[in-house]
Amino acid sequence: MNTERYTCLEIFAKAKAEGGKISLVSGKGEKMEKEASLVFYTWMKFSVEQNTEYEIESDTCEVTLCYLSGNEDMLETGVRYLEKEKGSGRYLPAREEEHYNSSIRETYHFAPWKNWMNDPNGLCYFKGYYHMFYQFNPHGQEWSNMYWGHAASKDLVHWVHLPVALAPQKEIMEKPGELVGGAFSGCAVVEGGEAVFYLTRHIEPRGDSGRQTESQWMMKSKDMIHFTEEKCLIERKPKGASFDFRDPKVEKIDGRWYMVLASAIGGKGSILLYESEDMEHWTYLHPLLTEGSEGIRSFECPDFMELDGKYVAIGAWMDHRDDCGRFQMSRYYIGNWKEKKLETESSGWFDFGSNCYAMQSFVHEGRRICIGWISDFYGEHVERENGAYGSMTLPRQLHVRNHKLYMTPVEEVSLLKGKNLYHGKKEDVSLTSIEGNAYRAEIRFLENTGFSILLGKDGEKEISLCNDEEGLRIVTKGVKSEGINFRAEVKEVTALEIYMDRRVAEVYVNEGEAAGTKLFYNSSGKGCFILKAEQPEKISEVEVSLMDGIWNGKES
Ligand code: FRU
């Protein structure tokens with residue numbers, strides 16, 4: 001392979017036997033070697049000459065991720081992934097178009113190049129780019145010791161993948177049978193020309209989460225490629241807090257810095273509130289809020305913000321199952337900021353599809369934008385070679401209206417709108433074979449009417465959106481989530497925006513009054529949109545368009 005303008009080769013490798021190593025041989029015959037651990041995946045970085053041919057020899061190792069990095073323009077170009085060519089065994093630049101143009105992964109929802117991801121972390125806008133870090137296991141399609149993956153975008157929709165930013169602690173990696181943990185979730189704020197990151201470092205004896213320890217750390221960056229060493233800011237949880245003590249989210253409110261953290265107090269899910277003057281020394285105040293409902297181990301990935309004159313807290317209900325059968329829903333709380341607590345006036349579900357977890361928000365130019373992890377709590381993932389497990393919702397803009405949290409896709413999503421497939425009104429619509437299965441549908445009703453929309457069909461498996469006397473809900477058939485009531489908290493339906501993206505359905509109701517995200521693995525490669533209304537004359541408009549992918553570098 002040729003290094004083009006890159007100066008570094010990064011490889012994650014584990015030795016197959018004692019002495020396993022990676023060798024890099026340049027076209028001039030020069031050889032570099034690095035030994036891999038037999039116990040854990042070693043993250044190796046080789047300095048390479050630009051525009052030079054190299055061969056990678058990896059026979060004695062298992063390699064899980066390999067890419068070129070370190071050019072002067074990383075935020076523009078991203079990394080260059082290398083994949084081992086079947087047959088020759090040579091590492092070559094991955095065929096990106098082929099990789100992305102596959103029914104096994106989303107085309108306009110962010111997902112890692114491959115392997116496992118969960119929560120969005122460190123979302124921010126910094127020196128011309130949006131940044132998204134995320135919980136990442138580069139080594140397989142399952143949760144494991146956590147790294148931070150990283151991506152950047154100029155327009156919030158087209159992303160480039162950047163080098164892995166953080167690795168699990170060495171002590172954890174060295175004892176894979178005994179310990180588990182890593183660089184857990186956290187956030188970023190931009191202050192004084194620097195990005196300041198807060199994150200949790202987690203260590204847990206395998207199989208005994210009751211003895212986990214979590215501490216809060218800080219690091220900084222001036223260019224989003226190089227990061228300072230991490231510094232421990234909060235080593236111990238406050239008295240009374242459960243062993244869950246993580247996921248720092250920092251916000252400036254009324255000129256002061258606040259940090260919220262996930263925990264529980266007295267068996268009730270709680271969001272802990274800290275305060276700081278200098279962003280480094282933090283004082284525990286009290287719980288920002290405690291949820292009375294039973295069965296919540298902790299509020300994971302809490303967020304807290306001022307929005308449209310109100311104060312909003314959002315958190316993911318760990319381990320909780322609601323009366324519709326939905327697992328681990330996220331809830332928002334809207335109210336007033338009284339004596340540094342949230343005096344809640346109203347609350348609701350963040351996403352009625354329940355495949356959206358650990359959302360995180362940030363502000364840019366007055367917009368409060370959030371992204372959530374498209375999770376799989378019903379075990380519906382289908383593992384495929386080079387597949388990714390986990391992806392992100394579309395970036396959503398948040399507002400408070402009528403005591404509810406409204407969210408709509410950010411306007412940049414419209415950049416992806418492609419060829420029109422249907423435009424009409426007052427009739428049922430039947431599009432049965434949508435090539436590529438990546439589309440957007442917008443539907444307006446003169447007034448509430450019963451309907452069903454078939455959004456995906458793969459043999460006997462189905463996903464649809466129904467509105468009848470039981471209300472609006474996503475209905476799945478022939479998959480593990482069948483029977484769960486994915487019900488939206490709306491009284492009537494006057495507008496729908498539906499985003500189908502191969503294995504993801506994201507639905508926005510009544511200009512953002514509710515949002516629902518649901519996975520639906522569809523191996524057919526073909527999409528469908530079949531709308532049947534009780535009173536078609538009440539359909540004032542339907543528009544269905546294909547959606548472009550986000551990886552082809554289409555300029556905004
Ligand atoms: C939520 C979560 C966080 C934690 C991270 C670990 O999905 O459990 O609370 O920081 O994932 O990957």
Side-chain angles (χ1 to χ4, degrees), residues 112 115-123 132-150 164-169 172-173 179-188 197-204 206 209-210 212-218 230 234 237 241-250 259-264 269-272 291 296-304 313-320 327-331 350-351 354-361 370-379 381 388-393 517 519:
N115 294 332
W116 168 275
M117 62 141 271
N118 53 296
D119 321 347
N121 296 153
L123 296 181
M132 177 163 62
F133 297 80
Y134 54 91
Q135 294 284 284
F136 185 39
N137 172 21
H139 314 306
Q141 289 176 52
E142 69 283 324
W143 188 91
S144 188
N145 289 335
M146 280 290 115
Y147 294 70
W148 274 30
H150 183 196
V164 171
L166 289 174
Q169 301 88 302
I172 296 173
M173 309 263 272
L179 298 174
V180 61
F184 272 24
S185 284
C187 66
F197 296 85
Y198 298 90
L199 70 135
T200 299
R201 284 279 172 187
H202 175 110
I203 304 184
E204 173 182 331
R206 232 173 234 284
S209 66
Q212 68 188 25
T213 48
E214 300 190 308
S215 45
Q216 318 315 326
W217 296 69
M218 179 179 89
E230 291 159 51
I234 309 175
K237 63 191 176 68
S242 76
F243 48 79
D244 289 309
F245 176 58
R246 59 174 172 275
D247 307 338
K249 177 76 197 334
V250 171
M259 178 192 287
V260 286
L261 282 162
S263 195
S270 301
I271 298 178
L272 307 182
E291 167 60 52
I296 306 165
R297 182 175 131 178
S298 168
F299 271 105
E300 291 193 291
C301 300
D303 205 337
F304 179 52
I314 307 173
W317 283 17
M318 185 179 186
D319 282 0
H320 180 267
F327 190 56
Q328 302 209 130
M329 298 284 281
S330 297
R331 198 151 181 95
F350 181 78
D351 186 293
S354 85
N355 279 150
C356 172
Y357 201 71
M359 61 67 65
Q360 185 174 90
S361 77
C370 80
I371 293 177
W373 162 41
I374 303 181
S375 51
D376 172 28
F377 295 141
Y378 309 104
H381 178 62
Y389 190 0
S391 54
M392 298 292 187
T393 63
T517 309
L519 284 174

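Whatever order the structure lists ligands and atoms in, that order sets their numbers, starting from 1.
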Colleague: Can you pull the residues with any heavy atom under 4.0 Å from ligand 1?
Modeller: Asn118, Asp119, Gln135, Trp143, Met146, Phe184, Ser185, Arg246, Asp247, Glu300, Tyr357, Trp373
Colleague: Leu166 versus Met146: any side-chain heavy-atom pair under 4.5 Å?
Modeller: no
Colleague: Where does the angle between the aromatic ring planes of Trp148 and Phe133 fall among parallel (under 30°), tilted (30 to 60°) and perpendicular (over 60°)?
Modeller: tilted
Colleague: Under the criterion side-chain hydrogen bond (donor to acceptor under 3.5 Å, both in side chains), which of Glu214, Gln169, Arg246 is the partner of His202?
Modeller: Glu214
Colleague: State, yes or no, whether a side-chain contact exists between Phe245 and Gln216 at a heavy-atom distance under 4.5 Å.
Modeller: yes
Colleague: Can a donor-acceptor pair be found, under 3.5 Å and without considering hydrogens, that links the side chain of Ser298 to the backbone of Ala264?
Modeller: no
Colleague: Is it the case that the side chains of Gln360 and Asn121 hold a donor-acceptor pair, with the cut-off being a distance below 3.5 Å and no angle test?
Modeller: no
